[in-house]
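Just so it is clear: chains get the letters A, B, ... in the order the sequence lines come, proteins before strands, and each one is counted from 1. Here the structure is a predicted model, which is why all the values come from computation and not from measurement.
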Number of protein chains: 2
Amino acid sequence: MPTRVNALAEQLLETLEEQGYRSTSPRRAVAQAIANQDKHFTAEDLREQLPSLGRATIFRSLKLLVETGVVCRVLLEDGDLHYQLSHRGHHHHLLCVECGASQDLLGCDIEAVLKQTSASHGFELSGHWLEVYGRCKSCSSGELAAV
Amino acid sequence: MPTRVNALAEQLLETLEEQGYRSTSPRRAVAQAIANQDKHFTAEDLREQLPSLGRATIFRSLKLLVETGVVCRVLLEDGDLHYQLSHRGHHHHLLCVECGASQDLLGCDIEAVLKQTSASHGFELSGHWLEVYGRCKSCSSGELAAV
DNA sequence: GGCTTATTGATACTAGGTATCTATACGCTA
DNA sequence: TAGCGTATAGATACCTAGTATCAATAAGCC
Ligand SMILES: [Mn+2]
Ligand SMILES: [Mn+2]
Ligand SMILES: [Zn+2]
Ligand SMILES: [Zn+2]
C-alpha cells in the first residue's frame, strides 16, 4: 500500500517531481520520516525508523533532497555531519550546544564583511560555509531558573 | 637511525613534548612529513609518504597535533576534510577552489556581527566555524593573462 | 644499564557512504 | 487500463576515514 504523507512530506516529493524524479513508495517513506523529525538527524536515524528500506535507498534519497536544496547538511561542533529540513537558498545555522536545537539564520549579513576581508588578501570571494554554536534562548533561561 | 627533522618539524615536536608526549621516531617522521607539505593534505597523503609507519600511528599523531593546535582541519567545498599546518588560536581559511591553495585569515572580524545577529535570535554565541571559498590572487590574475 | 610506562603496529572493527547489478514498479501512451 | 521502456530498489560488495584492542617495543629517567 502506498505510504500516506503529510503536507510537509508532500512538498519534499513535489520538489523531486519537479526535477523529473519519480514519486516512489520508498521516497514517500523517506520524505515522511524527514518531515517527522523534530531536529537534525543522521542517515542512520532514518534507517532505524525505516528498517524495511534498503540502506542505499535512504542515502540516495537524502542525496537528491540535499541536491535540490530542501534538506541541508549541518556540521555539529564535534565534527559530526547531520541533516535537516532546510530553507532553500543560502543560509546558516544557530546550533545549541546544550540541547542540540538548530535555528536557521536566513539573512547572511557576513557576506559584506567577508567580501572586504577577502579582497584585502587579493582573494575573489565565491562562497562560504558558516556554522554558529552557542546556547539557545530556552537553554540560557533554563540556567537562570536553575540558579 | 633517528629521523632528522627541520626547524618547522622541530617546532611541532616541541609542542608535543611541552604537553608531556614523547619524541619518538614515528612522530619525528610525521612531523617532518607535515612540514614538507606545501598545501593541505589528508591522512592518506601522509600514509603514502610514510609507508613504513602503521596507519593508526599516523592518525594518532595527527590527532595529537590537532588537539595541541599546531595542525588544523580544513573543510573543503566538496565536503572533504583535510589537514594543514595552523596558526594557533582562532582563525579561518581562504580556500582557492581552482588551485586548492589555502591562506589563513587571522583577524576574525565576523565575531562582532555574529554576536549581534545571534543576540537578536535570543542565542548566546559561544563559537563558530567558517570556511571561505573563492579564487586566490594568482588564479584570478592567471585568467586575465589567459584571455 | 635497567625499569616503568608510553607508544607502536597489526588487526579487527566502526560509521558513513558509493558502485554494481538484477528485479521491480513508475508512469506514459495507446 | 494494459503494455512498455526506463528509473529505481534492494542486495551486496566495496570504500574512506577513523577508533579499539593488545602484545611487543622503545622512551626516558634513575
Ligand atoms: Mn539549513
Ligand atoms: Mn588553519
Ligand atoms: Zn538549546
Ligand atoms: Zn588559486
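- Here D:dT12 presents its C1' atom at 15 Å from CZ of A:F59, a figure rounded to the nearest Å.
- Checked against side-chain contact (heavy atoms from CB on, under 4.5 Å), B:Q19 has the following partners two or more places apart in sequence or in another chain: B:Y21, B:T68.
- Between A:D78 atom CG and D:dG18 atom C1' there is a gap of 14 Å when expressed in whole angstrom units.
- Remark: B:H90 pairs with B:H92, B:H128 by the ring-ring contact (aromatic ring centres under 6.0 Å, His included) rule, at least two apart or across chains.
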All N/O pairs under 3.5 Å across the protein-nucleotides 27-30 of chain D interface:
{"residue": "D:dA27", "atom": "N3", "partner": "B:R22", "partner atom": "NH1", "Å": "3.1"}
{"residue": "D:dG28", "atom": "OP1", "partner": "B:S23", "partner atom": "N", "Å": "2.9"}

Could you list the donor-acceptor pairs under 3.5 angstrom formed by side chains in residues 10-18 of chain B, with sequence neighbours left out?
{"residue": "B:T15", "atom": "OG1", "partner": "B:Q11", "partner atom": "O", "Å": "2.8"}
{"residue": "B:T15", "atom": "OG1", "partner": "B:R88", "partner atom": "NH2", "Å": "3.1"}

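- The distance between atom CG of A:L81 and atom C1' of D:dG18, rounded to the nearest whole Å, is 15 Å.
- The salt bridge (charged side-chain N to carboxylate O under 4.0 Å, His left out) pairs that include a residue from residues 106-130 of chain B are A:R135-B:E124, where partners are two or more places apart or lie in different chains.
- Across its full length, the helix from C:dG1-D:dC30 to C:dA30-D:dT1 shows an angle of 30° between the axes of its 5 terminal pairs at either end, rounded to 10 degrees.
- Put simply, CZ on B:R47 is 11 Å from C1' on D:dT16, counting in whole angstrom units.
- A side chain to side chain donor-acceptor pair (under 3.5 Å) check over residues 33-44 of chain A, counting only residues at least two apart or in different chains, returns the pairs A:Q32-A:N36, A:Q37-A:Q49, A:H40-A:H82, A:T42-A:D45, A:E44-A:R47.
- Side-chain atoms of A:R55 and base atoms of D:dG10 include no donor and acceptor less than 3.5 Å apart.
- When the C1' atom of D:dG10 is taken as reference, atom CG of A:L46 falls 17 Å away, rounded to whole Å.
- Taking the side chain as every heavy atom from C-beta outward, A:L95 and A:E131 approach each other to under 4.5 Å.
- Every residue two or more places apart in sequence or in another chain that forms a side-chain contact (heavy atoms from CB on, under 4.5 Å) with A:E77 is listed here: A:V97, A:Y133.
- In the hydrophobic clustering, where aliphatic and aromatic side chains (Ile, Leu, Val, Met, Phe, Trp, Tyr) are joined below 4.5 Å either directly or transitively, B:I110 groups with A:L94, A:L105, A:I110, A:V113, A:L114, A:F123, A:L125, A:L130, A:V132, B:L94, B:L105, B:V113, B:L114, B:F123, B:L125, B:L130, B:V132.
- Rounding to the nearest 0.5 angstrom, the gap separating the CD1 atom in A:I34 from the CZ atom in A:R27 is 12.0 Å.
- Here D:dG18 presents its C1' atom at 9 Å from NZ of B:K63, a figure rounded to the nearest Å.
- Other residues sharing a hydrophobic cluster with B:F59 under the 4.5 Å side-chain heavy-atom criterion for ILVMFWY residues do not exist; the residue is a singleton.
- When only modelled atom types and interatomic distance are considered, A:Q103 and B:H121 share a side-chain donor-acceptor pair under 3.5 Å.
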Check: protein-nucleotides 21-25 of chain D nitrogen or oxygen pairs below 3.5 Å:
none

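- Linking ILVMFWY side-chain heavy atoms closer than 4.5 Å, directly or via other members, places B:L46 and B:V5 in two distinct hydrophobic clusters.
- Proximity of B:E48 to B:F41: side-chain heavy atoms (C-beta onward) are nowhere separated by under 4.5 Å.
- With rounding to whole Å, B:D80 atom CG is found 14 Å from D:dG18 atom C1'.
- With a cutoff of under 4.0 Å to any heavy atom of chain A, the contacted region of DNA chain C is bounded 5' to 3' by C:dG16 to C:dG27.
- Protein atom CG of B:D45 is 9 Å distant from nucleotide atom P of D:dA17, rounded to whole Å.
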Where do B:I58 and B:R55 land on the side-chain contact (heavy atoms from CB on, under 4.5 Å) test, with the steps shown first?
CA-CA 5 Å; B:I58 289 177; B:R55 211 170 70 95; 5.8 Å; no

